[in-house]
Amino acid sequence: MRVTQGTFSFLPDLTDTQIAAQVQYCLDNGWAVNIEFTDDPHPRNTYWDMWGHPMFDIADAAGVMMELNACRKVNGHLYIRLSAFDSGHGWESVKLSFIVDRPTAEPGFRLRRQEAEGRNIRYTTETYSGDRPEGERYA
């Protein structure tokens, strides 16, 4: 199963050239770019680990790509995403976010159906690797 989150999630993985083009678009718009990684891509996990600091003052995509490659060397077996933050007055939110790297094997998620009172049915999403400790989910 392929985890689909963020912009471009239903497209094939972007090449480094395509990633650099998207990063340059973000920088040209004045957005700060940051790199994050995790081994838990559950849709409700909004707290990914940040690689370094947000890059507020970088004007060229090459600087971001250099940091991305450094993150890949250490965390290449995990999910890595880029996010672009617009700090402009009235926005102050993430404008673009997409996964740039993922584990070679993605166990995926299961949908658990539960029958509740009054013939109600509840569904919950669970990861197949969620029972493993953090850092070992995709080892």
Side-chain angles (χ1 to χ4, degrees):
M1 178 180 165
R2 179 183 160 83
V3 172
T4 53
Q5 287 183 25
T7 312
F8 316 122
S9 64
F10 290 95
L11 296 175
D13 290 337
L14 299 179
T15 65
D16 280 0
T17 304
Q18 293 168 324
I19 294 169
Q22 294 302 322
V23 168
Q24 193 61 52
Y25 173 80
C26 296
L27 297 175
D28 290 346
N29 281 289
W31 303 339
V33 176
N34 66 297
I35 300 169
E36 300 167 299
F37 60 94
T38 189
D39 72 340
D40 181 12
H42 191 282
R44 291 188 180 155
N45 176 16
T46 58
Y47 300 106
W48 290 40
D49 293 309
M50 188 175 285
W51 177 262
H53 297 288
M55 295 171 253
F56 289 102
D57 297 328
I58 293 182
D60 187 4
V64 175
M65 295 305 292
M66 184 177 71
E67 285 297 316
L68 174 59
N69 287 328
C71 182
R72 284 173 170 164
K73 286 181 184 176
V74 177
N75 301 301
H77 62 291
L78 303 175
Y79 289 90
I80 301 173
R81 77 175 174 195
L82 288 174
S83 296
F85 182 80
D86 184 356
S87 62
H89 181 69
W91 286 104
E92 296 147 355
S93 65
V94 173
K95 287 281 190 106
L96 181 71
S97 177
F98 59 99
I99 293 175
V100 295
D101 277 81
R102 56 185 69 240
T104 53
E106 296 181 83
F109 296 90
R110 67 178 150 258
L111 189 64
R112 189 173 301 274
R113 177 183 168 165
Q114 302 165 347
E115 294 189 23
E117 295 177 25
R119 298 180 58 171
N120 289 319
I121 298 175
R122 294 185 185 137
Y123 294 95
T124 56
T125 307
E126 298 174 350
T127 179
Y128 285 117
S129 60
D131 56 345
R132 295 186 206 140
E134 184 176 347
E136 297 178 12
R137 293 185 180 126
Y138 295 97

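Residues take their numbers from the sequence shown, with the count starting at 1. Remember, predicted model here, so these are calculated numbers, not experimental data.
With E67 contributing its side chain and A62 its backbone, the two residues share no donor-acceptor pair below 3.5 Å. Side-chain atoms of N69 never come within 3.5 Å of backbone atoms of M66 as a donor-acceptor pair (strictly under, hydrogens ignored). A donor-acceptor pair under 3.5 Å is formed between the side chain of D86 and the backbone N or O of G88.
Among all heavy-atom pairs drawn from V74 and H77, the shortest one is O-CE1, 3.8 Å. Considering all non-hydrogen atoms of both residues, Q18 and D13 come closest at OE1-O, 4.4 Å. Here the closest non-hydrogen pair linking E92 and S87 is CG-O, 3.9 Å. Residues L96 and C26 come closest through the heavy atom pair CD2-SG, 3.3 Å. Scanning both residues, A61 and A20, for their nearest heavy atoms gives CB-O, 3.5 Å.
In the hydrophobic clustering of ILVMFWY residues, with side-chain heavy atoms under 4.5 Å counting as a link, F98 and F10 come out apart.
Tested against D101 for a side-chain contact (heavy atoms from CB on, under 4.5 Å), the candidates I80, L78, I35, N75 yield a single pass: I80. Of the residues listed (Y25, F56, F85), the one engaging W31 in a ring pair (Phe, Tyr, Trp, His ring centres under 6.0 Å) is Y25, and it is the only one.
Going from atom CZ of R112 over to atom OH of Y123 covers 13.5 Å, rounded to the nearest 0.5 Å. Considering CE of M55 and CG of L82, their distance stands at 7.5 Å, rounded to 0.5 Å. Separating the CG atom in D60 from the CD atom in Q24 is a distance of 5.5 Å, to the nearest 0.5 Å.
The side chain to side chain contact (heavy atoms under 4.5 Å, CB included) search around S93 returns none, not counting sequence neighbours. Residues meeting the side chain to side chain contact (heavy atoms under 4.5 Å, CB included) test with S83, sequence neighbours left out: N34, E36, R81, V94, S97.
For D57, the CG atom sits in a loose shell: 12 or fewer heavy atoms of surrounding residues, nucleotides or ligands are nearer than 6.0 Å.
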### Message
side-chain contact (heavy atoms from CB on, under 4.5 Å), that's the test. Do I58 and L27 meet it? Break it down for me.
### Response
CA-CA 7 Å; I58 293 182; L27 297 175; 4.3 Å; yes
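Side-chain atoms of Y79 and P103, non-hydrogen and from C-beta on, do get closer than 4.5 Å to each other.
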